[in-house]
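Structure, as structure tokens:
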Amino acid sequence: MKKKNFNNLNLDIYEEELENGLKIFVCPMNRYKIDARMTVNFGADILEFEKDGQMIKAPAGIAHFLEHKMFGKEDGTDITTIYEKNGALGNAYTDDHVTVYHFNSPVNFYDNLLALLRCVNEPYFTEENVTKEIGIIDQELKATLSEPDAIAYYVAKYNSYHYLPYKYPVIGTEDSIKQITKDNLYDVYNTFYTPSNMHLVVTGNVDPEEIVTFVRNYYKDISKREKPIIKTYNEPKQVAREKEIIHKDISNKVCFLNYKVDLSDFDISNFELQRYLNVLLLNKFSSLSGFNDITLKDENILSPVFWMLDVEDNFANFGFQAEVKNEDALLKLIEKQLTDLSISEEKLKLIKRNWINGYIINTDQVIQTSEIINGQIIKYGHVVYDALDCIRALNIQKAEEIFNKLDFSNKSLVIVQK
Amino acid sequence: MDYIKKEKKNYNLYIMKTNDFKVVNISFVFQRKNSMEDELYRTLLKRILFLKTAKYDSLEKLSSAGAEIYNPKVFVKTQTSSIYRTFNLRAEFINEKYTEDGMNKSNIEFIMDYFWHPFIKDDAFDKETFDLCKKNYIEELKSAKNYPEEYALDECWRSLNLYEFKLPTNEELIKILEGIDEKKLYSYYKSMFTEDSLDIFVVGDVTDDMETVIDDYIYGDFQKSVMLKPHEYTVSKVNKIKEKTDNPQSKLFLGYKMNNLTTYENEYVSLIFAMILGGGTESYLHSEARKKRSLCYYIYASCYNLFNVMIVSAGISAKNSKEVIKITEAEINRIKNGDVDDDKLTEVKQLYKNILLESKDSQMSLINNLVARVTKEADDIETRFKMVDKMSVDDIITLAGKVKLDTIFLLEGTE
């Protein structure tokens with residue numbers, strides 16, 4: 001087991017890789033709560049993969065559907081029942097990139113850990129239990145699509161892409177959910193739920209050696225399998241559709257603008273690149289930028305402007321959402337901000353300080369620490385132990401070099417209005 | 001965890017000292033008797049105070065100044081009982097041990113400037129900023145229905161009639177708002193220095209110089225604080241309200257009132273009762289309505305103990321609304337008739353105790369608990385353990401007999 005240190009944060013992380021490829025990360029912390037999360041590198045952005053030497057396709061939303069179905073077991077056990085009986089809070093979530101199963105509790109840790117391992121290693125799908133789940137997921141989809149913000153976001157995402165499965169909502173569509181069968185579920189389970197395609201993170205008052213022994217013992221009969229082969233796509237730089245208007249019975253218009261920005265031309269680490277992309281957003285659109293002072297005064301913009309960054313494949317998605325009277329006014333303001341991407345030493349210093357401050361505060365808490373560790377493994381493939389040094393090393397020259405290469409000419413706008 | 005109380009000339013200071021965390025938490029709790037307009041004035045205040053201060057005349061300058069001193073988190077949390085309303089200016093900042101000398105003082109001053117040194121022009125809030133806040137607030141009220149979950153809860157809450165005055169509708173609120181200007185808001189703000197009480201709470205590795213900074217900054221002739229107490233009601237008939245929406249999913253909210261509760265029932269039994277009924281995926285409602293019958297995607301019960309109210313909420317198809325109401329009533333009756341097992345109670349008690357234990361991991365939770373101990377006479381964490389431990393099935397059965405359905409609010413979707 002390797003012991004590593006998260007620089008300047010008083011955090012040690014113990015890393016181990018089992019014979020079957022499962023990676024384990026344990027971060028001891030002197031707190032009551034213990035958090036464990038098992039991540040499967042299978043999210044909504046994978047729909048085509050190789051099975052028995054042939055490429056096969058699954059319906060959109062299958063990763064999320066599978067997550068729902070992993071809690072029920074053949075002997076009638078429901079994993080959530082075990083968590084609740086043990087006084088733990090347990091759940092799971094699926095996003096575009098991964099599926100994460102997790103629990104936290106101050107007591108009964110090994111009972112809960114066993115439940116977590118069973119949760120991801122004992123599939124049980126029947127035609128009956130799959131059909132029953134369709135109704136529940138259909139309701140979840142309807143709840144998600146009740147709000148204009150969510151509609152605008154999902155449609156903008158869909159319209160931004162031609163081929164990448166990322167274009168579909170994580171939950172799937174009304175039609176795709178209905179197409180999911182137990183055979184589809186077994187196909188994706190057998191392909192992706194293999195130890196070498198997963199990792200476990202445990203944070204709290206625990207003994208790393210003991211955890212590794214426990215997990216190794218559980219996996220003694222589960223051997224290493226090949227890594228999944230996933231279809232790659234030749235996604236064009238252009239968006240699939242530039243504008244769409246959707247009608248719904250609402251009072252204020254809601255719009256979502258997504259810039260699809262090609263990142264294939266950058267030769268720096270993912271961590272560094274994503275930090276710089278965030279620097280751009282914070283410098284031009286956060287309260288540090290003066291952008292909010294402008295939008296607040298603009299009578300055409302009726303709410304705060306929310307922004308987000310998500311990286312998929314070789315593309316960055318810079319998303320902006322707001323309630324508006326006139327979407328052109330918002331567009332003009334955003335475009336104006338994006339025409340001059342220069343940054344001052346002073347602003348970069350403040351942004352770096354905010355991030356370092358965030359690390360100090362968040363690593364005081366178990367869940368947040370777990371999320372930082374897991375988030376880094378998901379995004380960058382490893383824990384970024386020198387994250388603080390990397391942040392301190394961000395500089396104006398590099399920032400401007402990167403910013404100048406970004407092309408913001410491909411965008412998709414969605415408006416939800418009466 | 002123990003705390004000390006210091007009675008100052010015009011406010012009370014409560015200090016809980018711990019060096020288990022890297023941060024310091026501060027809470028300034030203003031409180032006064034609740035009137036219909038308070039909600040509007042305090043919401044406007046909450047917005048305007050965070051856009052500019054006397055020292056920093058733009059959000060950009062204010063945010064940059066915050067970032068310069070390691071970005072303290074500052075926000076306002078409001079809480080109401082039937083009779084009183086609090087305005088809680090909350091903040092968390094990194095102890096200077098982890099940043100640089102002088103940061104504790106700079107952070108406390110920066111936080112207090114939001115309230116004690118706002119941006120004022122000619123004996124009023126700045127008109128331009130005020131108009132922006134008012135415009136945004138009105139737009140939010142107009143588009144409330146865009147967010148069906150929150151909208152349906154608000155409508156159910158309104159119908160429960162929990163205050164000494166009738167809660168205005170969003171349209172009525174907009175009309176009242178239109179009559180408020182920057183001068184009136186400033187008058188209201190000034191009145192807080194004489195008509196509100198003020199209690200200040202500090203948790204963390206608190207040093208004497210922090211107390212001095214606070215003392216030097218405070219001015220105002222505050223009232224003596226009063227305890228927030230739960231309210232008693234009568235339920236004569238069930239209010240049934242139905243509104244249409246073009247969303248596919250319907251939102252069902254059932255408002256229950258609980259009467260003649262003892263302090264123990266209000267503080268503990270009602271909470272555990274709501275957890276058994278609809279607190280998670282193993283609750284009675286979730287098992288019956290979702291797992292067994294697939295009638296909804298979610299169904300939860302939540303307890304609001306300052307109001308002696310429990311709300312059951314569910315996301316459903318419109319055609320299932322009657323059945324979900326029937327199931328909820330049947331599950332409550334089932335408990336009332338004694339059909340609740342010891343194991344279930346033990347499970348839920350354990351979950352509650354785990355939450356209590358974990359609250360010691362967070363300084364934010366510690367300050368919340370300290371505020372509740374002082375403003376609501378809530379028990380400390382250790383006492384809460386004991387009180388929950390002694391709860392029996394009979395306590396739950398008795399409580400179930402005191403739960404009465406008051407309001408059914410259905411935001412009816414297209415399916």
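Every heavy atom of this structure was used, including side-chain atoms; hydrogens, water molecules and symmetry mates were not. Not measured: the values here are computed from a predicted model. Naming convention: chains lettered A, B, ... in sequence-line order (proteins, then strands); numbering from 1 in each chain.
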Which atoms of B:Lys349 come close to chain A, meaning under 4.5 Å heavy atom to heavy atom: side chain ones, backbone ones, both, or neither? neither
Heavy-atom proximity to chain B below 4.5 Å, by part of A:Gln365: side chain
Residue selection (most heavy-atom pairs with chain A, distance under 4.5 Å) from B:Cys296, B:Gly66, B:Ser294: B:Ser294
Looking at A:Ser105 and B:Asn354, what are the two nearest heavy atoms and their distance? OG-ND2, 3.7 Å
Any Lys/Arg nitrogen of A:Lys69 or A:Glu133 sitting under 4.0 Å from an Asp/Glu carboxylate oxygen of the other? yes
Most contacts with chain B, counted as non-hydrogen pairs under 4.5 angstrom, among A:Met29, A:Glu140, A:Lys248: A:Glu140
Looking at chain B, which one of A:Asn357, A:Asn292, A:Ile250 has the largest number of heavy-atom pairs inside 4.5 Å, strictly under? A:Asn357
Looking only at side-chain N and O atoms, does A:Ser342 offer a donor or acceptor that is under 3.5 Å from a partner on A:Asp340? yes
Any salt bridge linking A:Arg353 with B:Glu100? Criterion: basic side-chain nitrogen under 4.0 Å from a carboxylate oxygen. yes
Side chain / backbone / both / neither for A:Thr80 at chain B, heavy atoms under 4.5 Å: both
Can you confirm whether A:Asn129 is buried at CG, in the sense that more than 12 heavy atoms of other residues, nucleotides or ligands lie under 6.0 Å from that atom? yes
Identify whether the distance between the nearest side-chain nitrogen and carboxylate oxygen of A:Asp78 and B:Lys291 falls below 4.0 Å. yes
I'd like to know which of A:Asp249, A:Ile136, A:Asp149 tops the heavy-atom pair count under 4.5 Å against chain B. A:Ile136
Residue B:Glu140 versus chain A: region with a heavy atom under 4.5 Å: neither
Salt-bridge test for B:Asp131 and B:Lys127: reply yes if a basic N is under 4.0 Å from a carboxylate O, no otherwise. yes
Top contributor to chain B contacts, counting heavy-atom pairs under 4.5 Å, from A:Ala143, A:Ser303, A:Gly90: A:Ala143
Which atoms of B:Lys145 are under 4.5 Å from chain A, going by heavy atoms: the side chain, the backbone, both sets, or neither? neither
I'd like to know if B:Glu288 pairs up with B:Arg293 as an ion pair, taking the criterion as any Lys NZ or Arg NE/NH1/NH2 lying under 4.0 Å from an Asp or Glu carboxylate oxygen. yes
Side chain / backbone / both / neither for B:Ile316 at chain A, heavy atoms under 4.5 Å: backbone
If you tally heavy-atom pairs under 4.5 Å between each of B:Lys61, B:Gln350, B:Glu68, B:Lys353 and chain A, the highest tally belongs to B:Glu68
Within the 3.5 Å criterion, strictly below it, is a donor on A:Glu323 or A:Asn252 matched to an acceptor on the partner's side chain? yes
Under 4.5 Å heavy-atom distance to chain B, tell me which part of A:Ser286 shows up: side chain, backbone, both or neither. neither
A:Ser251, A:Gly87, A:Pro106: which one forms the most heavy-atom pairs within less than 4.5 Å of chain B? A:Pro106
Against chain B, label A:Ala150 side chain, backbone, both or neither, depending on which of its atoms sit under 4.5 Å from a heavy atom there. neither
Between A:His247 and chain B, with a heavy-atom cut-off of 4.5 Å, which part of the residue counts as in contact: side chain, backbone, both or neither? neither
If you count heavy-atom pairs within less than 4.5 Å of chain B, which of A:Ser146, A:Pro304, A:Gly135 leads? A:Ser146
Pairs of heavy atoms under 4.5 Å with chain A: top-ranked of B:Leu351, B:Asp246, B:Asp361, B:Asn247: B:Asp361
Is it true that B:Asp20 and A:Arg31 make a salt bridge, defined as a side-chain N closer than 4.0 Å to a carboxylate O? no
Between B:Lys135 and A:Asp298, is the closest basic N to carboxylate O distance under 4.0 Å? no
Which one, B:Ile94, B:Val23, B:Leu51, leads in non-hydrogen pairs under 4.5 Å with chain A? B:Ile94
Can you tell which of B:Leu62, B:Val348, B:Asn71, B:Asn146 has the highest number of heavy-atom pairs within less than 4.5 Å of chain A? B:Asn146
Do B:Glu92 and B:Gln363 have side-chain atoms, one donor and one acceptor, less than 3.5 Å apart? no
Which atoms of B:Ser317 come close to chain A, meaning under 4.5 Å heavy atom to heavy atom: side chain ones, backbone ones, both, or neither? both
Among B:Ser250, B:Gly315, B:Ser362, which has the most heavy-atom pairs under 4.5 Å with chain A? B:Ser362
Basic-acidic side-chain contact under 4.0 Å: B:Lys251, B:Glu150: no
Output, in order, the C-alpha distance, side-chain angles, deciding distance and verdict of ring-ring contact (aromatic ring centres under 6.0 Å, His included) for B:Phe50 and B:Tyr114. CA-CA 7 Å; B:Phe50 285 94; B:Tyr114 279 105; 4.8 Å; yes
When the 4.5 angstrom heavy-atom criterion is applied to A:Ile351 and chain B, the contacting part is neither
